[in-house]
Colleague: 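Let me give you the structure first, and then I'll get to my questions.
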Amino acid sequence: MKVLVIGGGGREHAVCKKLAESKDVDEILCAPGNAGIAQIARCIPDVKATDMDGIVALAKREAVDFVCVTPDDPLALGCVDTLEAAGIPAFGPSAKAAQMEASKVFSKNLMKKYGIPTARSEVFDDMDAALAYLEKEKAPIVVKADGLALGKGVVVAATIEEAKQAVVDMMENGRFGKSGARVLIEECMVGPEVTVLCFCDGKTIVPMRSSQDHKRVFDGNRGPNTGGMGAFAPSPLYTTEIAERTEREILVPTLQAMNAEGIEFKGVLYVGLMLTENGPKVVEYNARFGDPETQAILPLLESDLLSIMRAVREQRLADEEIRWKDGAAACIVLASGGYPGKYEGGKLISGLEEAQKRGAFVYHAGTKKTEEGFVTAGGRVLGVTASGEDLEKAIENAYDAAKCIHFEGAHMRTDIGRV
Ligand code: AMP
Ligand code: GLY
């Protein structure tokens, strides 16, 4: 089969790599792709992930058999609906189902209505009402923009003043554009965070290996939030007992709630959990694979990813056997100096082959190929993933390999999997 993957980050590199191992995959196309993905797939840099017409035209021109839509924007724009309407089989939720991520108000209302454990929360369309509400609340408190905001529309405010500033930024100053016209003000939950990605076909929900990511830029979870500085799987915090409780209290009720609302969710449901002293609670849903969690999870998947994706689309997930490897995997992100603030691109990268020789796989997130070799071309540049018989060993292997890689200003956290 000829498969087209939409997107161009480290996560898409991991999806392409896993699909390339599939017995039924003859060729992989990736739009737009990136310089690393180009080593295993044919990239189409001119077709951006949000270019619906371009994607459909590409799929038709190339007679693609199956499309995997990975990033949030095209999903929210109805990429899967558009492809399916054009007769092209596609993996991922419909625009309606992708609201689980695209609207925090939507998913919050769903959780409220069906009693799914999450933070207490109020929705505001009016800034004065939001500010008046804050007068009566206590810090810490969380302010969130309703819509997609590149993962940056959440402020965990240490004081009421800071929370008010966040409300004004979102609702008056338009910091997140339309996404911030509506805000949620939420109780601040406390506890470690675990990500559970699930395959879901609208009838059955099957969790993958659990994982954790590290959002802050510096060691010890300090500094500003990023797209993710590293991840590992499985999470030792996600014990069998917590997994069973999550399945019973959150995963199955979420599937039932979506069905009761007439939403058939087919794709990957990302469940962000906080393990509070009162049990696991939902921090957020996403409607897709996580980045960089995917770079740590998919290497542990033993089964055929294309076969699972087809089973999801055709609602045969209950009959699909999904096997996982023993052991653990860790992904260390190498970022440009200055990220998530200003940074320079075009720095020559060395040591990529050395890292792979040590048994790691290097996923590309922001690189460019030049005559001299790969150079940096993004905030997050590479994700170095290694496996091991346990988490300790996986982390050690991943750092062994990551340390081989150099470019001017390179930054990585040294405590992935350890905090
Ligand atoms: P979100 O985009 O909703 O995942 O939020 C980004 C991050 O903000 C989460 O990973 C949490 O670390 C934090 N966060 C979001 N909501 C809450 C909450 N109600 N209480 C505490 N932290 C939160
Ligand atoms: N790792 C967070 C996300 O993918 O949204």
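The figures here come from the full heavy-atom set of this structure, side chains too, leaving out hydrogens, waters and symmetry mates. Start at 1 and go down the list; that is how both ligands and their atoms are numbered.
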Colleague: With sequence neighbours left out, what residues match Glu321 under salt bridge (Lys or Arg N to Asp or Glu O under 4.0 Å)?
Modeller: Arg323
Colleague: Out of the candidates Asp73, Ile55, Val80, only one should pair with Ile6 under the side chain to side chain contact (heavy atoms under 4.5 Å, CB included) rule; please name it.
Modeller: Ile55
Colleague: Is it the case that ligand 2 has an N or O less than 3.5 angstrom from some N or O of Glu293?
Modeller: yes
Colleague: Please say whether Asp291 places an N or O atom under 3.5 Å from an N or O atom belonging to ligand 2.
Modeller: yes
Colleague: Quick check against the 3.5 Å criterion: does Tyr285 have a side-chain atom that pairs as donor or acceptor with the backbone of Glu101?
Modeller: no
Colleague: Does Asp213 reach the main-chain N or O of Gly228 with its side chain, forming a donor-acceptor pair under 3.5 Å?
Modeller: no
Colleague: Lys104 heavy atoms, cut-off 4.0 Å: which ligand 1 atoms fall inside?
Modeller: 1 (P), 2 (O), 3 (O)
Colleague: Can the ring centroids of Tyr343 and His411 be said to lie less than 6.0 angstrom from one another?
Modeller: no
Colleague: For Asn286, take its heavy atoms, then give the atoms of ligand 2 lying under 4.0 Å from any of them.
Modeller: 5 (O)
Colleague: Please check whether Met189 reaches ligand 1 - meaning an N/O of the residue sits under 3.5 Å from an N/O of the ligand, judged on distance alone.
Modeller: yes
Colleague: Which ligand 2 atoms does Gly290 reach within 4.0 Å, using its non-hydrogen atoms?
Modeller: 4 (O)
Colleague: Which is it for Thr195 and ligand 2 at heavy atoms under 4.0 Å: side chain, backbone, both or neither?
Modeller: neither
Colleague: Under 4.0 angstrom from ligand 2, any heavy atom of Arg288?
Modeller: yes
Colleague: Apply salt bridge (charged side-chain N to carboxylate O under 4.0 Å, His left out) to Glu264 and Lys96, showing your working.
Modeller: CA-CA 9 Å; Glu264 195 167 68; Lys96 190 174 171 196; over 6 Å; no
Colleague: Heavy-atom contacts with Ala119 under 4.0 Å: which atoms of ligand 1 show up? List them by number with element.
Modeller: 19 (N)
Colleague: What atoms in ligand 1 come closer than 4.0 Å to a heavy atom of Glu187?
Modeller: 18 (C), 19 (N), 20 (N)
Colleague: Can you name the atoms of ligand 2, numbered from 1 with element, that are less than 4.0 Å from a heavy atom of Asp213?
Modeller: 1 (N), 2 (C)
Colleague: Between Met274, Lys144, Glu193, which one has a non-hydrogen atom sitting closest to atom 9 (C) of ligand 1?
Modeller: Glu193
Colleague: With Phe374, which residues qualify under ring-ring contact (aromatic ring centres under 6.0 Å, His included), at least two apart?
Modeller: His364
Colleague: Out of all atoms in ligand 1, which are within 4.0 Å of some heavy atom of Glu284? Include the element for each.
Modeller: 1 (P), 2 (O), 3 (O), 4 (O)
Colleague: At less than 4.0 angstrom from any non-hydrogen atom of Tyr270, what atoms of ligand 2 do you find?
Modeller: 1 (N), 2 (C), 3 (C), 4 (O)
Colleague: Determine whether the side chains of Ser307 and Glu320 contain a donor N or O and an acceptor N or O closer than 3.5 Å.
Modeller: yes
Colleague: With rounding to the nearest 0.5 angstrom, report the CG to CE distance, Asp304 to Met309.
Modeller: 10.5 Å
Colleague: Could you tell me if any non-hydrogen atom of Cys188 lies under 4.0 Å from any atom of ligand 1?
Modeller: yes
Colleague: Assess whether a salt bridge exists between Asp146 and Lys104, defined as any Lys/Arg side-chain N lying under 4.0 Å from an Asp/Glu carboxylate O.
Modeller: no
